[in-house]
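Below, read A as the first sequence line, B as the second, and so on, with proteins coming before strands; counting in each chain starts at 1.
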Number of protein chains: 2
Amino acid sequence: MKIREQFTCPLEMTHDIVKGKWKTIILYSLKDGRLSLSELQKKIEGITQKMLLEQLRELREYGLVEKETTEGYPLHVEYFLGDKRGKMLIEAIKILQLVGVDYMVEHGMTEILDKKGIRYK
Amino acid sequence: MKIREQFTCPLEMTHDIVKGKWKTIILYSLKDGRLSLSELQKKIEGITQKMLLEQLRELREYGLVEKETTEGYPLHVEYFLGDKRGKMLIEAIKILQLVGVDYMVEHGMTEILDKKGIRYK
DNA sequence: CCGTATCCGATCCGATACTG
DNA sequence: CAGTATCGGATCGGATACGG
C-alpha cells in the first residue's frame with residue numbers, strides 16, 4: 001500500500017487505516033503490550049503470515065505501530081503500539097469492540113463470546 | 001451486501017460496518033441531526049448518489065441508521081442515527097476524526113482543514 | 001523464527017443510464 | 001426529489017512457495 005498524500009477530509013484519512021480486514025484486530029491485540037510476530041499470529045485467529053506482515057508494515061508507515069529488533073540469535077522482534085495516534089486509536093477500537101459485542105449479544109451470537117471469554121453484561 | 005451471520009470476533013463484525021469507504025463519513029454527517037438524501041450528498045464531498053443509497057441501505061440493515069418518509073408531495077425522506085449502536089459508533093468515529101486531524105496537522109495538510117473550518121488548536 | 005513475491009478469485013466503487 | 005441496475009477497472013486478501 002502506498003500512503004496517500006491527499007485527503008478530502010480527516011475521516012477519509014483514518015479510513016485508510018481501518019479499512020483493512022485485520023488492522024483494527026491487530027491494534028487491539030497490541031493494546032496490552034508488546035508481542036512478537038508469532039505471538040500475534042497465535043492470538044489472531046485465521047490471519048496468514050503474509051497478511052499480518054503486510055498490515056503491520058502499513059501500520060508502521062502510519063506510525064501506529066512500532067517495531068524493535070533485539071540483536072542476537074535467534075532474532076527476536078517485538079511489535080507495539082505507537083505512542084500518540086496508536087493510543088488514540090485504541091480508544092476508538094475499544095468502542096468498536098463494544099459495538100460488535102452488543103450486536104452479537106442481540107443476535108444470539110454469544111457462543112463465540114463465551115468461547116473467547118469476552119464479557120457481556 | 002449480505003449481512004454476515006458468523007464472526008470469529010466482535011471486531012470482525014464491526015469491521016463489516018466501517019470497512020466501506022463512505023460509512024464512517026455518512027454516520028459522522030448524521031451526528032447532529034436528520035438529513036435528507038440530497039442534503040447528505042451536498043455535505044459529503046465526492047460521493048455519488050448510488051454509493052450514498054447503497055451505504056445507507058447497509059447501515060439501515062445493521063440498525064445504525066434509520067429512515068422516515070413523510071407522505072405528501074414532493075416526497076421527503078429523512079435519515080438519522082439509530083438509537084443505540086448508532087450513537088455508540090459516533091463516539092468511536094469522533095475519535096477517528098481526531099486521529100485523522102492529528103495526522104493531517106502533523107503532515108502539513110492543514111489547508112483542507114482550514115477550508116472545511118475544522119478546528120485544530 | 002522473520003520476511004518477501006506471485007498468482008488469482010472476490011469485492012469494492014465510480015460512471016452512467018434509467019424509473020417513479 | 002428518491003431510488004435501482006449494469007458494467008468494468010482497481011483493489012483486497014487468501015494460498016503458496018521461497019529466502020534470510
Problem set entry | Sugar-phosphate, base or nothing in reach of E54(A), heavy atoms under 4.0 Å | nothing
Exercise. Hey, is the side chain of W22(A) poking within less than 4.0 Å of OP1 or OP2 on dC12(D), counting only N and O atoms?
Worked result: no
Exercise. According to the Watson-Crick and G-U wobble definition with distances under 3.5 Å, which dot-bracket string, read 5' to 3', encodes DNA chain C, using [ ] for crossing pairs and | for pairs with another strand?
Worked result: |.||||||||||||||||||
For this session: For P10(B) and M104(A), work out which heavy atoms get closest and say how close.
Result: CA-SD, 3.6 Å
Exercise. What nucleotide among dG14(C), dA15(D), dG3(D) has an atom nearest to a side-chain atom of Y79(B)?
Worked result: dG3(D)
Seminar exercise, completed: Between CE of M51(A) and C1' of dT16(D) the distance, given in whole Å, is 15 Å
For this session: Examine distances only and state if a side-chain atom of T14(A) and a backbone atom of L96(B) form a donor-acceptor pair shorter than 3.5 Å.
Result: yes
For this session: Please report, rounded to the nearest Å, how far the C1' atom of dC1(D) is from the CD atom of Q49(B).
Result: 9 Å
For this session: Could you tell me the separation between the NZ atom of K21(B) and the P atom of dC12(D), rounded to a whole number of Å?
Result: 11 Å
Exercise. Relative to the 5' end of DNA chain C, which residue comes earlier, H76(A) or K50(A), by the nucleotide with the nearest heavy atom?
Worked result: H76(A)
Exercise. Atom CG of L56(A) and atom P of dT4(C): how far apart are they, to the nearest Å?
Worked result: 11 Å
Exercise. From the list dC2(C), dA15(D), dG14(C), which nucleotide is the closest neighbour of the side chain of T48(A)?
Worked result: dA15(D)
For this session: Looking at every strand, decide which applies to L53(B) at a 4.0 Å heavy-atom threshold: base, sugar-phosphate, or nothing.
Result: base
For this session: Could you check which of dC13(C), dC2(C), dG14(D) has an atom nearest any side-chain atom of V77(A)?
Result: dC2(C)
Exercise. Which pair of heavy atoms, one from D16(B) and one from F7(B), lies closest together, and at what distance?
Worked result: OD2-CE2, 4.1 Å
Problem set entry | Any T69(A) side-chain nitrogen or oxygen under 4.0 Å from OP1 or OP2 of dC2(C) | no
Exercise. Roughly how many Å is it from CD1 in I47(B) to P in dT16(C), rounded to a whole number?
Worked result: 17 Å
Problem set entry | Earlier contact from the 5' end, DNA chain D, for Q55(A) and E39(B) | E39(B)
Exercise. How long is the span from the CG atom in L37(B) to the NE2 atom in H76(B), to the nearest 0.5 Å?
Worked result: 10.5 Å
For this session: Give a yes/no on whether any side-chain N or O of S38(A) is located under 4.0 angstrom from OP1 or OP2 of dC2(C).
Result: yes
Exercise. Does the side chain of K19(B) get closer than 4.0 angstrom to OP1 or OP2 of dT11(C) through an N or O atom?
Worked result: no
Exercise. Does one hydrophobic cluster hold both F80(B) and V99(A), with members joined at side-chain heavy-atom distances below 4.5 Å?
Worked result: no
Exercise. Between atom CG in L35(A) and atom C1' in dC1(C), what is the gap in whole Å?
Worked result: 15 Å
Exercise. How close do I47(B) and M51(B) get, heavy atom to heavy atom, and via which atoms?
Worked result: CG1-CB, 3.9 Å
Exercise. Do the side chains of K115(B) and E111(B) get nearer than 4.5 Å, heavy atoms only?
Worked result: no
Problem set entry | Distance in angstrom units between L37(B) CG and dG20(C) P, rounded | 19 Å
Problem set entry | Residue pair I90(B) / K31(B): nearest heavy atoms and the distance that separates them | CD1-CB, 3.8 Å
Exercise. What's the CD-P distance between E68(A) and dC1(C), to the nearest Å?
Worked result: 20 Å
Exercise. Is any side-chain nitrogen or oxygen of K67(A) closer than 4.0 Å to OP1 or OP2 of dC2(C)?
Worked result: no
